[in-house]
Number of protein chains: 2
Amino acid sequence: MTNPILPQTRRDLLAMIGKVGGGAALYQAMTVMGHAAESQFTGPPQLSGAKPGATVLVLGAGLAGMLSAYELAKAGYKVQILEVQTRAGGRNMTLRGGDTVSELGSVQKVGFSPGNYLNPGPWRIPYHHRTVLHYCKQFGVELEPFLQSNHNAFVHRKAAFDGKPQRFRDLTIDWKGHVSELLGKALNAGALDAAVTKEDRDVLLEALRSWGVLDKNMAYTRSDKVGEQRGWGRPPGGGVNGAPIPNDPFTLSDTLDSRIWDQLGFFAEHVMQTSMFQPKGGMDHIGKAFQARVGKLIRYGTRVSKIAQDERGVTASWTDAKTGAAGETRADWMVCTIPATILGQIDLQVSDAKKAAIKALPYGNSVKIGLEMKRRFWETEDAIYGGSSFTDAAIGLVSYPSHGCFSDGPAVLLGAYPFGVGSYMLAGMKPEKRIAAALEQGSVFHPAHYKSEFLTGASLAWSRMPWILGCCATWTEESRAAHYQDLVAMDGRIVLAGEHCSYYGCWQEGALLSALDAITRLHQRASAA
Amino acid sequence: MTNPILPQTRRDLLAMIGKVGGGAALYQAMTVMGHAAESQFTGPPQLSGAKPGATVLVLGAGLAGMLSAYELAKAGYKVQILEVQTRAGGRNMTLRGGDTVSELGSVQKVGFSPGNYLNPGPWRIPYHHRTVLHYCKQFGVELEPFLQSNHNAFVHRKAAFDGKPQRFRDLTIDWKGHVSELLGKALNAGALDAAVTKEDRDVLLEALRSWGVLDKNMAYTRSDKVGEQRGWGRPPGGGVNGAPIPNDPFTLSDTLDSRIWDQLGFFAEHVMQTSMFQPKGGMDHIGKAFQARVGKLIRYGTRVSKIAQDERGVTASWTDAKTGAAGETRADWMVCTIPATILGQIDLQVSDAKKAAIKALPYGNSVKIGLEMKRRFWETEDAIYGGSSFTDAAIGLVSYPSHGCFSDGPAVLLGAYPFGVGSYMLAGMKPEKRIAAALEQGSVFHPAHYKSEFLTGASLAWSRMPWILGCCATWTEESRAAHYQDLVAMDGRIVLAGEHCSYYGCWQEGALLSALDAITRLHQRASAA
């Protein structure tokens with residue numbers, strides 16, 4: 001053990017500063033010490049010294065619940081987890097051949113070939129989600145690159161280019177070309193003299209000429225230089241016919257029709273930036289790694305109906321899903337990770353403010369559809385390896401597997417991943433209708449192969465999963481301002497955790513960071529009690 | 001065999017159209033048939049029916065030479081390859097522990113740990129280099145993703161930000177923010193009314209607000225929305241201190257100082273676009289795959305000094321590098337892949353025009369330096385996984401390995417990869433001085449670790465490799481116009497091949513496409529003879 005007065009490592013020091021000065025002081029110290037301000041994660045919590053015999057009841061065996069249990073048990077607490085499902089992991093899930101998807105109103109048997117899978121929940125890990133990455137490393141979960149952006153994938157809008165998909169590459173190159181030409185024109189006309197110094201203007205003109213690949217008249221036109229970015233009518237080759245032939249860029253109007261800035265904005269999001277990763281073989285390897293460490297603490301098939309507390313502890317009343325038997329579990333403290341959609345229906349003894357927060361918290365929906373195809377025709381015919389083709393149809397996108405590129409045999413595409421309206425359209429269909437819709441809509445990208453090479457499909461509509469009834473928390477600015485602190489505040493002996501209790505809604509990182517914050521506060525309270 | 005009159009497959013049909021109508025007709029047909037115009041590669045050549053006993057001498061056992069030999073041998077030719085080195089592969093090369101780098105004036109022994117390597121020549125394969133990808137697939141060379149762009153890597157210019165590197169992410173987000181704000185201003189002031197229709201203007205304003213993350217006054221300023229792209233002062237977290245705190249964007253002037261458009265332009269190049277790949281374990285697996293198929297045809301250590309031809313065949317006069325013995329090899333036809341830098345010094349019996357082309361062909365230089373570090377501090381301390389940090393110092397960039405992310409133990413960084421001036425500066429140094437310079441200059445990105453965690457380094461200066469004296473052909477528009485067709489034209493019984501005989505200079509794809517074109521023409525000539 002290290003001397004509790006003198007911090008031995010940078011992390012110890014940061015933890016000490018955090019304790020004494022709070023978050024703002026901690027942040028300042030981190031910045032001074034050269035930490036990239038990319039994550040609030042500063043290492044696993046230092047929770048040593050639980051009072052002998054102190055007990056914690058964790059509700060929910062998703063990532064937040066299992067991480068809470070794992071770290072609290074390490075700190076010396078006696079932990080039990082109640083989980084309504086007969087599996088652990090929550091939304092951290094992977095569907096493989098032989099698995100069953102039980103939604104409200106339907107049951108699907110997944111028919112994918114051995115080795116193929118769909119991650120119906122989380123599927124990619126940004127490089128700055130340090131908490132997820134930390135536990136992956138600690139637990140030996142092997143990661144591989146997730147191919148996020150792909151210049152050669154398609155963008156499709158019904159109202160653009162007569163409904164013909166265009167390459168992301170062509171549209172992005174033309175977008176910056178037209179923007180550069182127009183801004184160059186305005187600068188040269190003196191229209192921005194009041195806004196830009198003479199020095200900046202000259203540099204900016206040079207920059208626009210270079211970035212926009214403009215010609216000597218500062219116009220964006222067909223040229224070999226543009227071809228070197230946009231691709232070619234006839235690409236470069238070897239020998240006598242090696243000379244490439246450029247083709248015509250799209251007009252400004254056509255480029256605007258594509259709404260390409262939506263995709264550019266998507267890839268500019270911090271959580272969507274490169275590099276990204278995925279666990280080899282399926283996202284559920286993370287859930288399974290936690291389960292391997294806390295599985296023995298979990299009581300499965302346990303539906304909690306009432307949560308009470310008094311000055312001495314908490315009590316969860318539950319029913320066993322299989323036997324129907326009723327039971328109660330008592331503990332000194334509780335970490336509740338039950339999603340707000342479900343928690344709002346449970347008799348819960350907390351403040352009215354927290355109840356109001358739970359009721360007010362909006363959840364979004366999404367649907368994922370996996371389509372197994374006979375072979376990777378998107379690679380062999382369209383030269384698309386990973387990444388996503390986007391459409392304004394209900395499916396939202398088609399995403400291509402990052403793993404197994406160039407391999408033969410069947411592979412699973414993500415055939416739909418809408419939020420919002422599209423997700424409710426698909427969630428309202430029977431699973432077989434969803435597959436048909438996904439095949440129909442996705443065909444726009446690969447008309448010659450999409451239907452004819454389809455083998456089998458599986459889908460998951462989060463709004464129809466009985467244990468969550470939605471995909472994840474989608475706070476608005478208003479609901480956040482009114483209710484967030486009430487939701488996360490420790491209430492007597494109960495603290496909530498999960499992605500909904502974070503500013504990283506819909507991400508595993510949010511679930512884990514929320515759990516770390518919740519158990520740190522619980523431990524402080526328990527230590528002071 | 002298929003009926004020679006009726007094409008049986010799409011590829012046969014394309015080959016037939018190509019024969020009858022030439023390249024332009026072929027391109028048109030490909031487009032009509034829905035082929036992406038992304039590569040001139042339409043499958044391996046159909047060269048059946050060599051005249052019994054016909055012989056071909058190939059000079060050089062790089063990729064162009066070995067592919068030529070492989071396909072010509074398949075077609076029935078009797079092929080021999082003469083190679084000056086004692087190894088095959090040419091510039092397709094991987095340096096591992098125990099290897100030796102022999103430059104003019106120095107010999108290095110590579111000291112990397114087992115499993116670590118540097119690709120001193122080609123190192124990445126764009127998704128549209130179909131010829132390379134085709135032979136990788138055919139020969140079972142396993143590919144893995146090459147992490148090309150990385151939002152979290154650094155950009156450094158001595159004259160910008162007081163020499164402090166900035167994240168690629170921050171600069172790119174600020175670049176589009178400022179560009180959007182300025183163009184929005186010009187549009188709203190009516191400065192572009194003559195250039196943009198009213199309808200386009202309204203859409204463009206909406207687009208700029210979205211893409212540039214502008215506020216309601218169309219200004220690019222600090223906001224949570226900007227933070228969601230640019231990253232944060234304090235990033236989002238879980239629980240009570242979860243709220244993120246945005247930080248201030250850079251000013252337009254500071255953003256311009258970074259010359260970030262250079263990097264944006266680099267990643268916009270067709271050959272630099274995503275997705276990219278690398279062979280698992282080293283680029284030389286491609287060379288070795290060819291060698292496994294044609295190695296028995298290669299005479300190593302054979303320095304060609306004279307190439308003659310007459311109406312009946314070709315003769316190469318050579319010296320054995322080990323024994324000094326002189327020899328001659330005669331054949332009906334020749335594919336010569338010797339780089340122009342060397343070929344220009346050989347007594348060569350071809351037209352004056354071809355000789356002039358060989359003399360006129362400019363070669364660029366580059367240097368690569370591999371630095372083995374004790375551990376991946378760029379991952380653990382800076383959250384950089386793959387991609388490159390750019391600098392205007394001589395090293396040009398530091399590139400991080402795409403493979404083995406999250407692993408422990410020593411790893412090799414690409415510590416320098418300049419073309420132009422920087423490459424000659426580094427090539428002019430002794431190998432140990434290069435390493436010292438690379439450590440000094442690269443330290444700007446990772447000051448706390450770069451020197452202290454360095455283990456061993458290896459470098460290769462292409463201008464000092466005696467068998468090529470340069471990195472690759474860098475045609476100018478003028479030299480191309482004056483000499484390219486003379487260089488690639490079949491001259492009697494001799495045809496040249498290699499990246500220098502293509503419009504894909506400096507890429508393996510160029511070497512292979514050039515070889516396919518050369519042997520196709522040679523076969524036509526030989527069949528007609």
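Chain identifiers are assigned alphabetically (A, B, ...) following the order of the sequence lines, protein sequences preceding nucleic acid strands; residue numbering begins at 1 within each chain. Remember, it's a predicted structure, so these values are computed and weren't measured experimentally.
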Asks: Tell me the closest heavy-atom pair linking A/Ala186 and B/Ala186, and the distance in Å.
Replies: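 Where A/Ala186 meets B/Ala186 most closely, the heavy atoms are CB-CB, 3.4 Å.
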
Asks: For B/Glu269 and A/Arg230, indicate whether the former's side chain and the latter's backbone hold a donor-acceptor pair under 3.5 Å.
Replies: no

Asks: Below 4.5 Å from any heavy atom of chain B, which atoms of A/Leu192 appear? Answer side chain, backbone, both or neither.
Replies: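 Side chain only.
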
Asks: Counting only heavy atoms closer than 4.5 Å, note whether A/Ser407 contacts chain B via side chain, backbone, both or neither.
Replies: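 When you check distances to chain B, only backbone atoms of A/Ser407 fall under 4.5 Å.
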
Asks: So, does B/His151 use its side chain to make a donor-acceptor pair with the main chain of A/Thr274 at under 3.5 Å?
Replies: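 Checking the backbone N and O of A/Thr274 against the side chain of B/His151, a donor-acceptor pair under 3.5 Å is found.
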
Asks: Within the side chain of A/Gln40, is there an N or O that forms a donor-acceptor pair under 3.5 Å with the backbone of B/Asn241?
Replies: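 Yes; at least one donor-acceptor contact below 3.5 Å.
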
Asks: What part of A/Asp257 gets closer than 4.5 Å to chain B, counting heavy atoms only: side chain, backbone, both or neither?
Replies: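 Contact with chain B involves no heavy atom of A/Asp257 at all.
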
Asks: Given heavy-atom pairs under 4.5 angstrom as the criterion, report whether the side chain, backbone, both or neither of A/Leu183 touches chain B.
Replies: both

Asks: So, for A/Ala383 and B/Arg130, which heavy atoms are closest and what is the spacing to 0.1 Å?
Replies: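 Scanning both residues completely, I find the closest heavy atoms to be CB-NH1, 3.3 Å.
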
Asks: Please flag which part of A/Arg480 lies under 4.5 Å from any non-hydrogen atom of chain B: side chain, backbone, both or neither.
Replies: neither

Asks: Against chain A, label B/Ala518 side chain, backbone, both or neither, depending on which of its atoms sit under 4.5 Å from a heavy atom there.
Replies: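 No part of it gets close to chain A.
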
Asks: Name all residues meeting the ring pair (Phe, Tyr, Trp, His ring centres under 6.0 Å) criterion together with A/His128; count only those two or more places apart in sequence or in a different chain, and write none if there are none.
Replies: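 For A/His128 the ring pair (Phe, Tyr, Trp, His ring centres under 6.0 Å) partners, ignoring immediate neighbours, are A/His270.
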
Asks: Against chain B, label A/Leu182 side chain, backbone, both or neither, depending on which of its atoms sit under 4.5 Å from a heavy atom there.
Replies: both

Asks: Under a 3.5 Å distance rule, please check whether A/Tyr484 uses its side chain to pair with a backbone N or O of B/Gly239 as donor and acceptor.
Replies: yes

Asks: Give the member of A/Ala191, A/Gly386, A/Ser275 that has the highest number of heavy-atom pairs under 4.5 Å with chain B.
Replies: A/Ser275

Asks: With a 4.5 angstrom heavy-atom cut-off, which part of A/Ala189 approaches chain B: side chain, backbone, both or neither?
Replies: neither

Asks: Counting only heavy atoms closer than 4.5 Å, note whether B/Leu143 contacts chain A via side chain, backbone, both or neither.
Replies: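 For B/Leu143, the contact with chain A is made by the side chain alone.
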
Asks: Look only at the side chain of A/Lys137 and the backbone of B/Phe406, and say whether a donor-acceptor pair between them is shorter than 3.5 Å.
Replies: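 Indeed, once roles are kept as given, a pair shorter than 3.5 Å links the two residues.
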
Asks: Counting only heavy atoms closer than 4.5 Å, note whether B/Leu133 contacts chain A via side chain, backbone, both or neither.
Replies: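 Just its side chain gets close to chain A.
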
Asks: Does any backbone or side-chain atom of A/Thr380 lie under 4.5 Å from a heavy atom of chain B? Answer side chain, backbone, both or neither.
Replies: backbone

Asks: Against chain A, label B/Cys405 side chain, backbone, both or neither, depending on which of its atoms sit under 4.5 Å from a heavy atom there.
Replies: side chain

Asks: So for A/Glu228, is it side chain, backbone, both, or neither that comes closer than 4.5 Å to the heavy atoms of chain B?
Replies: both

Asks: Which heavy atom in B/Leu147 sits nearest to a heavy atom in A/Pro145, and how many Å separate them?
Replies: CD2-CB, 3.7 Å

Asks: Which atoms of A/Gln148 come close to chain B, meaning under 4.5 Å heavy atom to heavy atom: side chain ones, backbone ones, both, or neither?
Replies: neither

Asks: The criterion is side-chain contact (heavy atoms from CB on, under 4.5 Å); which residues satisfy it with A/Asp200, sequence neighbours excluded?
Replies: A/Val196, A/Thr197, B/Leu252, B/Ser253, B/Leu256

Asks: With a 4.5 angstrom heavy-atom cut-off, is it the side chain or the backbone of A/Ala207 that approaches chain B, or both, or neither?
Replies: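 When you check distances to chain B, atoms from both the backbone and side chain of A/Ala207 fall under 4.5 Å.
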
Asks: Pick one of side chain, backbone, both or neither for A/Phe267, based on which atoms fall under 4.5 Å of a heavy atom in chain B.
Replies: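 It is the backbone, since no side chain atom gets that close.
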
Asks: Where the side chain of B/Asn152 meets the backbone of A/Tyr127, is there a donor-acceptor pair that is under 3.5 Å apart?
Replies: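 Judged by distance alone, no pair lies under 3.5 Å.
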
